[in-house]
Amino acid sequence: LDSQLKSLPIWSRNPELCADALRILERWFVDFDPQTWRRIANRVAKDLNEAEPCLSYASHWVAKLDNETKKSPGEGEGNGNGKATIIDLCSGFGIASMFLSEILPPERVTRI
């Protein structure tokens, strides 16, 4: 998977995310049953490359949540507790949500 990631634009665009992703993938390799792992491994580099803008935006957005005013960055109100609720519509295989659940700090997210 390392060589697959290195061949994609994400490698130069977001090396920090790639390093995190490789650590996460090592853990998933151990945690998931072989059939599930094969399904993930066959598509994860391509899907991660496509999801990178979403993952980067969500990471920055969650980091900016204001616990004191209870507002989300940008327009509108937050959910009142300074934590994000993330909904991934039309998520396909769900790689973006899977990575968000790993990279976002749990104390800043109520659910994904």
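The figures that follow rest on heavy atoms only: side chains count, while hydrogens, waters and symmetry mates do not. Just so you know, residue 1 is the first one in the sequence shown, and it goes up from there. Computed from a predicted model, the values in this text were never measured in an experiment.
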Asks: Could you walk me through whether Phe99 and Asp47 pass side-chain contact (heavy atoms from CB on, under 4.5 Å), step by step?
Replies: CA-CA 11 Å; Phe99 275 105; Asp47 286 1; over 6 Å; no
Asks: I would like to know whether Trp37 and Val30 meet side-chain contact (heavy atoms from CB on, under 4.5 Å); could you show each step before the answer?
Replies: CA-CA 9 Å; Trp37 172 249; Val30 172; over 6 Å; no
Asks: How long is the span from the OG1 atom in Thr85 to the CD1 atom in Ile112, to the nearest 0.5 Å?
Replies: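 With rounding to 0.5 Å, OG1 (Thr85) is 9.5 Å from CD1 (Ile112).
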Asks: Between Asn42 (side chain) and Arg38 (backbone), is there a donor-acceptor pair under 3.5 Å?
Replies: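 Confirmed, Asn42 side chain pairs with Arg38 backbone.
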Asks: More than 12 heavy atoms of other residues, nucleotides or ligands under 6.0 Å from CZ of Phe32: is that the case?
Replies: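 Yes, because the 6.0 Å sphere around CZ of Phe32 holds more than 12 heavy atoms from other groups.
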Asks: Has Ser56 got a side-chain atom pairing as donor or acceptor with Pro53's backbone, closer than 3.5 angstrom?
Replies: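 Side chain of Ser56 to backbone of Pro53, a donor-acceptor pair under 3.5 Å: no, none is there.
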Asks: If I compare all heavy atoms of Asp88 with all of Ala96, which pair ends up nearest, and what's the gap?
Replies: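 Taking Asp88 first and Ala96 second, the nearest heavy atoms are OD2-CB, 3.9 Å.
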Asks: What closest approach, in Å, do Lys83 and Thr110 show between heavy atoms, and which atom pair accounts for it?
Replies: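 The answer is CB-CG2, 3.6 Å.
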Asks: Under the ring-ring contact (aromatic ring centres under 6.0 Å, His included) test, which residues partner Trp11, sequence neighbours left out?
Replies: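 By the ring-ring contact (aromatic ring centres under 6.0 Å, His included) rule, Trp11 matches no residue at all.
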Asks: Are Ile40 and Phe93 close enough, and set up right, to give a side-chain contact (heavy atoms from CB on, under 4.5 Å), and what steps lead you there?
Replies: CA-CA 9 Å; Ile40 291 170; Phe93 192 72; 3.6 Å; yes
Asks: How close do Ile95 and Leu48 get, counting heavy atoms only, and between which atoms?
Replies: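 Reported closest heavy-atom pair: CG2-N, 4.3 Å.
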Asks: Given Glu102 and Leu100, is the side-chain contact (heavy atoms from CB on, under 4.5 Å) satisfied, shown in steps?
Replies: CA-CA 5 Å; Glu102 297 279 354; Leu100 284 173; over 6 Å; no
Asks: Measure the shortest side-chain to side-chain distance between Asn14 and Leu55 over non-hydrogen atoms and say whether it is less than 4.5 angstrom.
Replies: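 No; the side chains remain at least 4.5 Å from each other.
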Asks: Determine the minimum heavy-atom distance between Ile10 and Cys18, stating which atoms define it.
Replies: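 So the two residues come closest at O-SG, 3.6 Å.
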Asks: Is the number of heavy atoms from other residues, nucleotides or ligands under 6.0 Å of Gln35 CD greater than 12?
Replies: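 No, because the 6.0 Å sphere around CD of Gln35 holds 12 heavy atoms or fewer from other groups.
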Asks: Which distance, rounded to the nearest 0.5 Å, do you find between the CG of Leu65 and the CD of Glu107?
Replies: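 The CG atom of Leu65 sits 11.0 Å away from the CD atom of Glu107.
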Asks: In chain order, what residues pass the side chain to side chain contact (heavy atoms under 4.5 Å, CB included) check against Pro9, with sequence neighbours excluded?
Replies: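 Side chain to side chain contact (heavy atoms under 4.5 Å, CB included) check on Pro9 returns Arg13, Asn49.
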Asks: If I compare all heavy atoms of Ile103 with all of Ser59, which pair ends up nearest, and what's the gap?
Replies: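 Taking every non-hydrogen atom into account, CD1-OG, 3.6 Å.
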Asks: Using 0.5 Å steps for rounding, measure from the CG atom of Leu25 to the CE atom of Met98.
Replies: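 Leu25 atom CG to Met98 atom CE measures 9.0 Å (nearest 0.5 Å).
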Asks: Which pair of heavy atoms, one from Ala45 and one from Gln4, lies closest together, and at what distance?
Replies: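 Distance-wise, the nearest heavy atoms are CB-OE1, 3.4 Å.
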Asks: Could you give the distance from CG (Leu17) to CG (Leu22), rounded to the nearest 0.5 Å?
Replies: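 That separation rounds to 9.5 Å.
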